[in-house]
Each structure stands twice: as C-alpha cells, then as structure tokens.
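Below is one structure, written out as structure tokens; comments come after it.
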Amino acid sequence: MSSETTLATNVAHNNAVTALISTLNDAQCQAVTTPAHSVLVLAGAGSGKTRVLVHRIAWQIQVMGTSMHSILAVTFTNKAAKEMRGRIEDLLQVSARAMWIGTFHGLAHRLLRSHAKQANLPDTFQVMDTSDQLRLIKRLLAGLNLDEDKWPPRQVQWYINGQKDEGIRAKHCVAGYDLYQQNQLKIYQAYEALCERSGLVDFGELLLRAHELLRDNPDVLAFYQQRFRHVLVDEFQDTNTVQYAWLRLLTQGRDDIFVVGDDDQSIYGWRGAKVENIFSFQKHYPDHQIIKLEQNYRSTGFILKAANAVVANNEGRMGKALWTASADGDPIALYAAFNEQDEAYFVVERIRSWLKDGGKHNDVAILYRSNAQSRQFEERLMTAAIPYRVYGGLRFFERAEIKNALAYLRMVTNRHDDASFERIINTPTRGIGAKTVDDIRQVARDQGISLWAAMLLCVEQGQLSARASNALASFAQLIKHLDQLAEDLELFEKVQLVVEKTGLLDFHSKEKADKGDEKVENLHELVNAARLFDFDSTLEGMENLSELDMFLAYASLEAGDMQADDFEDCVQLMTLHSAKGLEFKLVFLVGLEEGLFPSQQSLDDAGRLQEERRLCYVGITRAMQYLYVSYAESRRLYGRESYPRPSRFLREIPSECVQEVRLRAEVSRPVTAVKTYSAPLQAQGQYCLGQRVSHIKFGEGVILQTEGAGEQERVQINFKQAGIKWLMLAYAKLNAM
DNA sequence: AGTATAGGTTTTTTT
DNA sequence: AACCTATACT
C-alpha cells in the first residue's frame, strides 16, 4: 500500500473522528471514545444521554470499523427506539436496518419468533396485552370456582407479573404454609398451564422466555453472543431482574456492554425495575469504567436548581451534581387554582398568550400524574380551538371494537386462542348465551382441550340444545370461511373482510348514538392501519411470520401511537411517566396535591414516596425555558369533591426559584410574602370563588362555595391550618388578601 | 336469550 | 364520572 493512500485514509479517518466528537463536551467525548468494554454512564437529566448513545454507536461503526450487524441497542419504549434509529441514520447517512434496535419486549419477541421451537412455544403464539391478561385471569378464577371478592383478579395479575419480573416460575415458588400464598401459587400454576395450552404469552412471559431460551440453549446463546459484539442499553435504571439477567447472558465472556442510566430517574419500581442493577453492574463487570455526565444543556438555572433541590430530599442516591451554564431564566411560576377547572382555564390562558407571542404548539406540554386528569385540559383546549394530542390513556389498539376485530383475526391464525374465543363467541350477539359457553368451558376443562376444540366436540356429540348447536356451528363455519377467503388476500383485505363479514360493523354502529359512529370509524381506521402497515421493515428472524401475525404482534406490542399526527403541530398532554426522555420549552406541571402527586398509595411508604419524588424530578427537568406548577384547592376526583393540601414537593422547591401567580390582576409576588394589605369583606358579591381570605381565628383560606343570600349567606372556606369550614358571612368578619 | 336498569366499585404510572 | 356486574324485565 502506498504511503499516499494510507495518508488519505488517515485523513478521512481523522475527519470522521472530528465530526463525531467536535460537538461533545469532555465527559461526553470520553464516554463515546473510551476503549473500555464495559461502560456505565451516569447521565443526569438533559445531559445529552441519547446523544452519547447515538454517537457511541456511530463511533463503533465509523471509527472502530464495527459492522452494524453486530450492534444491539435496547430501549424501553418504542418511541425511544424509533428516535434512536432515526438519529443514527441522520448521523451516519445510511440505513440502520441491519442494526437491532428495539425495546426489551420487542427484541424478546423477535428472538422467540425466530426460535419458537427451542423456546417451547407454538409457531402461532400470540402476545396478549394487560387487559387480555386480566380477562384470562377472571375466566381462570371462575373456572377454579374461586370467589373474585376473595381473589381480586387485579391482585392475582399483580402477583403473577411480580413473580415473572423476578424470573420466578410457578414451579420455583415456595408457598410455605401460608394458605393465601398457596392459593396464589395454585392460580399462577393454572394460569401458566392455560397460557401454554392457548399459545398465549403475556408481557412478562416474553422477557422470561427470552431469558430461558438463551439459558437453556447453548447453541442459540453462543450464536447471539458471537453476533452482538456491542450491546448498548438506554435507561438502565429501569431494567428489572429478568432483563438484566438476559443482558448478562448475552454479554457473558466478552463483557462488551455500554449502559446509560440515572438513578434519580428510576420511576418504574412498581413494575419490577431494580435501580440496584446499577450496583450489580459494577460487581458483575469488574473492568468497567464509570463516566458521569453532569452538565445540563436543557434547562434554565432556576429550573435545574429546583429539580436538584427536590430530589435532594431522597436518600441513598448515587449523587450527581447537575449544573448548567445557562442563565437563571424566569422563575418557576406557581398557580394556586380554585378547582381543577380553574387550573385548566389558567393553563390554557397561558398557552394562548404563548401562542400569541409566536410560540409553537409542539413546544408546550401539560404533564400530570394520572391519565384521568387530562379531561379538563382537553375540554378547555377544545373550546379554545387549540390543537392538542393526548398520549396514553385508551390507545387505539386497546379499544373494544378494535380488540374484537383483532380477536377474529387471531382466531383465524390460531383456533386455540381461548382468550379471543371468549371475546368473540357472542360478539356480535348470535344467540350463544352464558349457559352454552359455560358448558363448553366445562368440556374444555375436563378434556384439557381448547374452547374451540370443545365447541366442535359439543356440536358433534349433539349434547346441546338444537338452537345453541346451530349457533355454534354457524360460528365455526364463519371462522373457517374467513380463513378460506382470507388465504390469498392482502393483509388489509383480510382485515376488511373480518370487519365486514363478522357483522362487527353493524353491531358497533348500533351502539349509543355518539359512540357508534366513532367505533365504526375506528374499524375503518384499523383497515387503513393494516394497509399502511410497513412490511418492508420485516426484521430478520421474523421472515417466517405471516403478515397477519406480524400485524397482530405489532398491535399488542405497540398498542398506541399512530404516528400520523406526529407531524401535526399541537400541544402535548401526557403523564409524567410517558414524558420521560422528552423536553419542551414550556411545561405545565399540574395537580401538585397530596394524594394525587404524590399519589394516595405512596403516602405511607417511604420507598414509593421517593419514587414519586423522582417522578417530580423528571417532570421539572422536562422544561427547557418556562415551568408552571399548579395545584387546586378543591378537586373533583372519582366523582367526589376533595380538598387536598398542596403537594410536599412544592415546599421542597427553594422559594427563590418560584413566583406565585395571580391570574386576575396579574400580580405576582414571592410565595413567602406576607400579606401586604387587607380590606374588610362586607357585603355579598364583594368576593368570588377562589378568593383568598383571612379569618381572625382560622387564619388564611380560600373560598370554595357559597350558599344562601343576604343575612343567610354562608361560605365554605378551605383554611390552610384549620381545614374546611362553613361560615356565616354576616358574622365571619373575613378579610380579603 | 337478550336487553335495560340499578348499584357497587374504582384508579397510578407502561411494555 | 365511568365502568362493570348482578338482577330484573321483555
């Protein structure tokens, strides 16, 4: 080789290096370029975590000469996976198709499809989502003659998922002498058997099976260990026991693993995530290098200071000192709303003026603790004609009408899918009642066969009434017929076929006036989604899968976000959990009330309370420039009026970072300010709901309701110290504040 | 068998 | 307020 070519290659090489690292700070650069094999990056919020991951991958490919083929990148959400793939493609200007990027669940699914036999699964196995699982459990309990009141299905589900997250199968459980435990275990066993027989796999099972697949099949394990020379993990603090065990198997020997995480952003403890994995990592990969990213590029000084101060109240942190070079910016604005409607009104007013000043919709987010809170904001935004998009909540593929259609499709590919059978056996109603279905269930249980097989048996033996028999026979006919007709059709035609031939369209169109149309529209949308379904992204290892099966898997694993409106410029509404990893110029953090955020269930548990606090930290750090926090003095929750106290997290924000906002007069003053003036509040009409008042005995409070008139007029006040009181206005001697 | 009504229950967060 | 279940009615 001539010295000139060497030189040319070197120059090209150097250019690539420069391009990759020139935009990084020292710590980021170190993380991207380190020669260490095992790397733990502790990345604070907004410190360029994704950037480091993406650049690390680019570094491996462009500089170290690694093939895309040998990289595995794992994320938690489909959104994150999609974004990472996109950013790598942007950076490298090549398709990243060959690279395995996906969620733990998605990748596990892929492995199981490729090695169904070794994983002891039927080729036609179907993934069920949380609600499918719950239905299955309810049915199971009925079958076992267990009282739902004594064995709440949700609790059973919680138990089963909890065990699976820990990698514990029914056969590994030790029940001891506790009768309750023994029974839970029995249910778990029966559940496993039922899933096995029906070819159904729940979310936890995907991970557990994928782990067992590698553990029990040395050849499979060796193949993937060979193949994935570099494993990268995003949001490492959210991995559960099984996920981590899976990663360890995969990286055994080579120990080439690059994980990025932040213990302060661990918010999935409730579904089995183990922050401790960060510590385990340090033990299991002895030659690891730790790199901290502590410079925040996202938020203003005040916002960051507030976030740091809040999370500092937690114990057992690894400790990070997030700092920013940005200016303090505007203080965080605190709004004390009269009730939840006032809160929504305030937020939307602010959004209005943001838009008036030329702000973009996309830069605005309303973040809340629970999905139920979205309604108020939706209504207000709707009347203000501001486009918005709600993440989460009931997702497209979770809607009843969609699930019905999917259940038919599932029956077409897998006759023994009991969950789907139950769902559609009498939907639309075809004269098969509870009694008949019960009989079939009985036979299925006795013979240990699927409901479908049991049904055929019943019809054959003619042990049912003629009417029921006929109805069942025509149902069986329908499914078989669909299967035949569908054979040579395109996917979307199959879906269309099902929607039309099953009578679902008619059935749903007859539902209560307003809902019916929407459901029909959704069914059409399903056909459309099938038409747009992207087969080109067919992943290797999944080639054997029919289009239909791929579509069904997609529906379970990616229940949600039709990416159609991604391009539309609109205000974003989402829970704090789904906001993780995102950033917005203007953020409203709403509903900061004890019992709501922190949630009721976490109040008496220090561990969960800390998780809530981390959630708050996540929320605050979503904001780039402006952050509004708000709470309501009174809130209608679960159909009941409640008068919550402001969240403790508000008190944890340093007062110098906050300014309280009054909507009416636009007067703002520090939170800690003492009252400046007070005038007696005499006649009626002089005050309004939400008005701040002070009482000689009870102190400060807010007016919640009024009643009566004149002499008889009474007001309900929520006092900061004394709680809620009704007072006669004529005698109360209230002062406005 | 299918539908309507009443009454009781419920809610964290997601793959 | 919304959802599910149990019961009664057609």
Side-chain angles (χ1 to χ4, degrees), chain A residues 74-81 102-109 127-135 138 142 148-149 152-154 158 161 164-165 201-207 210 235 238-240 242-243 266-273 340 367-373 375-376 391-395 397-398 400 426-437 465 467-468 471 507 510-512 515 553-561 574-581 591 595-603 605 608 611-612 614-616 618-619 635-641:
Chain A
V74 197
T75 63
F76 272 81
T77 64
N78 295 303
K79 211 194 298 171
T103 62
F104 276 103
H105 293 85
L107 294 167
H109 175 245
V127 181
M128 58 178 168
D129 67 20
T130 317
S131 62
D132 296 331
Q133 188 189 29
L134 190 64
R135 276 173 150 269
K138 281 183 180 167
E148 284 205 1
D149 293 333
R154 287 192 177 277
W158 180 258
N161 289 339
K164 289 195 177 186
D165 284 341
V201 171
D202 61 45
F203 287 140
E205 185 73 25
L206 279 173
L207 303 174
E235 309 280 16
D238 288 333
T239 49
N240 68 24
V242 176
Q243 288 163 335
S266 160
I267 55 174
Y268 285 105
W270 52 273
R271 67 167 199 212
E340 75 277 3
L367 308 181
Y368 36 77
R369 179 64 239 266
S370 81
N371 280 311
Q373 289 168 256
R375 256 188 97 116
Q376 304 297 334
Y391 286 77
L394 231 216
R395 282 181 279 205
F397 286 109
E398 288 170 357
N426 202 30
T427 310
T429 49
R430 53 171 65 83
I432 301 169
K435 174 75 172 60
T436 310
V437 179
S465 69
R467 186 171 167 184
F507 177 69
K510 289 197 186 76
E511 280 183 65
K512 285 182 186 144
K515 295 272 189 224
Y554 167 81
S556 302
L557 286 168
E558 213 161 327
D561 326 326
M574 66 187 88
T575 63
L576 288 156
H577 282 86
S578 42
K580 186 154 76 145
L596 188 62
F597 186 34
S599 78
Q600 195 65 49
Q601 295 81 334
S602 67
L603 291 181
D605 180 330
R608 304 182 104 197
E611 184 154 309
E612 296 285 310
R614 292 193 291 269
L615 199 52
C616 185
V618 168
R635 178 179 296 275
R636 214 177 166 74
L637 204 60
Y638 313 138
R640 239 201 193 94
E641 207 74 34

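FYI, side chains are in, hydrogens and waters are out, and symmetry mates aren't considered; it's all heavy atoms of this structure. Chain letters run A, B, ... following the sequence lines, proteins first, then strands; residues in each count from 1.
Among the protein residues, N426(A) comes within range of the sugar-phosphate backbone only, with heavy atoms under 4.0 Å from sugar or phosphate atoms but none that close to a base. Residue N371(A) is classed as a sugar-phosphate contact, given heavy-atom separations below 4.0 Å to backbone atoms only. Counting any heavy atom pair closer than 4.0 Å across all strands shown, K580(A) reaches no nucleic acid atom. In this structure, R640(A) reaches neither bases nor backbone, as no heavy-atom distance under 4.0 Å exists between it and the strands shown. Residue-level contact check: L576(A) touches neither bases nor backbone, having no heavy atom under 4.0 Å from any strand.
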Intermediate values then yes/no, side-chain contact (heavy atoms from CB on, under 4.5 Å), L576(A) and V618(A)
CA-CA 7 Å; L576(A) 288 156; V618(A) 168; 5.7 Å; no
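Closest approach to the Y268(A) side chain among dT15(B), dA1(B), dT14(B) is made by dT14(B) (side chain taken as heavy atoms from C-beta onward). If you check dT15(B), dT11(B), dT13(B) against the side chain of R154(A), the one that comes closest is dT11(B). Comparing atom distances between the K138(A) side chain and each of dT14(B), dC4(C), dA1(B) picks out dC4(C) as nearest. Looking at the side chain of K435(A), the nearest of the listed nucleotides dA1(B), dT13(B), dA1(C) is dA1(B). Comparing atom distances between the H577(A) side chain and each of dT15(B), dT13(B), dT3(B) picks out dT13(B) as nearest.
The base of dT14(B) does not come close enough to the side chain of S578(A) for any donor and acceptor atom to sit less than 3.5 Å apart.
Across dT13(B) and dC4(C), the matching P atoms stand 15 Å from one another, rounded to whole Å.
Centre separation under 5.5 Å together with a plane angle under 30° does not hold for the ring of F104(A) and the six-membered base ring of dT15(B), so they are not marked as stacked.
Salt bridge annotation for E340(A)-R635(A): absent, with no cationic side-chain nitrogen under 4.0 angstrom from a carboxylate oxygen. The pair E611(A)-R608(A) fails the salt-bridge criterion, with no side-chain N (NZ, NE, NH1 or NH2) lying under 4.0 Å from an Asp/Glu carboxylate O.
Listed pair R430(A) / dG2(B) fails the phosphate criterion, with no side-chain N or O lying under 4.0 Å from OP1 or OP2.
Q243(A) and D238(A) are not linked by any side-chain donor-acceptor pair at a separation below 3.5 angstrom, with hydrogens and angles left out of the test.
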